[in-house]
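Okay, so here's the structure we're looking at.
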Amino acid sequence: EITHLAGVGEVCQLAKKETGEAMIEADLIAMIAGAEGISDLIGDRIFPHRVAQTAIRPLIVFECKGRKQEYTQNGESTYQEAEISLEIQADSYLTAKQVAAAVKLFLSGYSGTQGESQIHFIEYTDESENFDTDPSGADTGYIKVQQDYRVRLDRKSTRLNSSHVSESR
């Protein structure tokens, strides 16, 4: 079970070992976790896909909703586009909006190198809000702010070469 940032790194490294692909998710999570103004609010509470109802909030749940691979006449290009969704969860509306504003300020329009990614541009595409009620039926719950981003990037290495994959099996 993944419960904190270190777990995310471990999953990304395992995926890279299994598939030969480095994951943009690991690079983005490292960026967000290290960003002043965001880490002050959420600490290391960044989770892939889902989180326990009892988790300490505020926190961020991330998901890569899609990935588009570009190709050239010579095959697979290093250029990719990824659709990333971040769900900011907090016990109060004000806290959820503060974290969401800090994340948007940091990510929207970003370009630079992070990990194995040369990020050309991060585009903020959408935001929505919702309230998630306690599954027990109690009149409690938490606020969710979902932000969607499109990330345009070049991977320094998209796949291991096929001879390396064959040798490792």
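Only a predicted model underlies this, so the values are computations on that prediction, with no experimental measurement involved. Numbering starts at 1 and runs along the sequence shown.
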*Min side-chain heavy-atom separation Arg152-Glu123 under 4.5 Å*: yes
*Could you state the interatomic distance from OG (Ser92) to CD (Gln98), rounded to the nearest 0.5 Å?*
7.0 Å
_Approximate separation, where rounding is to 0.5 Å, of Lys65 NZ and Glu83 CD_ = 7.5 Å
_Closest approach of Ala100 to Gln147 (non-hydrogen atoms, all atoms of both residues)_ = O-NE2, 2.9 Å
*Should Val103 and Tyr149 be marked as a side-chain contact (heavy atoms from CB on, under 4.5 Å) after you check the CA-CA gap, both sets of side-chain angles, and the distance that decides it?*
CA-CA 11 Å; Val103 171; Tyr149 294 88; 3.7 Å; yes
_Tell me whether Thr125 contacts the main-chain N or O of Asp148 through its side chain, where contact means a donor paired with an acceptor under 3.5 Å._
yes
*What pair of heavy atoms forms the shortest contact from Gly141 to Asp91, and how long is it?*
O-OD1, 4.4 Å
*Start with the C-alpha gap between Leu59 and Ile42, add the side-chain angles, then the distance that decides, and say whether side-chain contact (heavy atoms from CB on, under 4.5 Å) holds.*
CA-CA 5 Å; Leu59 57 83; Ile42 66 164; 5.6 Å; no
_Beyond-backbone contact of Ser85 with Phe62, side-chain heavy atoms, under 4.5 angstrom_ = no
*Which of these passes side chain to side chain donor-acceptor pair (under 3.5 Å) with Glu129: Lys144, Lys97, Gln146?*
Lys97
*asked:* Can you confirm whether Met31 sits close enough to Ile119 that some side-chain heavy atom of one is under 4.5 Å from a side-chain heavy atom of the other?
replied: yes
*If every non-hydrogen atom of Ala33 is compared with every non-hydrogen atom of Ser39, which pair is closest and at what distance?*
O-CB, 3.2 Å
*Backbone N/O of Ala55 and side chain of Arg57: donor-acceptor pair under 3.5 Å*: yes
_From Tyr110 atom OH to Leu28 atom CG, the distance as rounded to the nearest 0.5 Å_ = 9.0 Å
_Gap separating the CD1 atom of Ile88 from the CD atom of Glu127, nearest 0.5 angstrom_ = 7.0 Å
_To check you understand the geometry: which heavy-atom pair defines the closest contact between Ala102 and Leu41, and what is its length?_
CB-CD1, 4.3 Å
*About how many Å separate CD of Gln89 and CG of Asn130, when rounded to the nearest 0.5 Å?*
10.5 Å
*Is there a path of hydrophobic side-chain contacts, each under 4.5 Å between heavy atoms of I, L, V, M, F, W or Y residues, that connects Phe131 with Tyr93?*
yes
*So, the side chain of Asp154 versus the backbone of Tyr79: is there a donor-acceptor pair under 3.5 Å, distance only?*
yes
_Just verifying a value: how many Å separate Leu86 CG and Tyr124 OH, rounded to the nearest 0.5 Å?_
11.0 Å
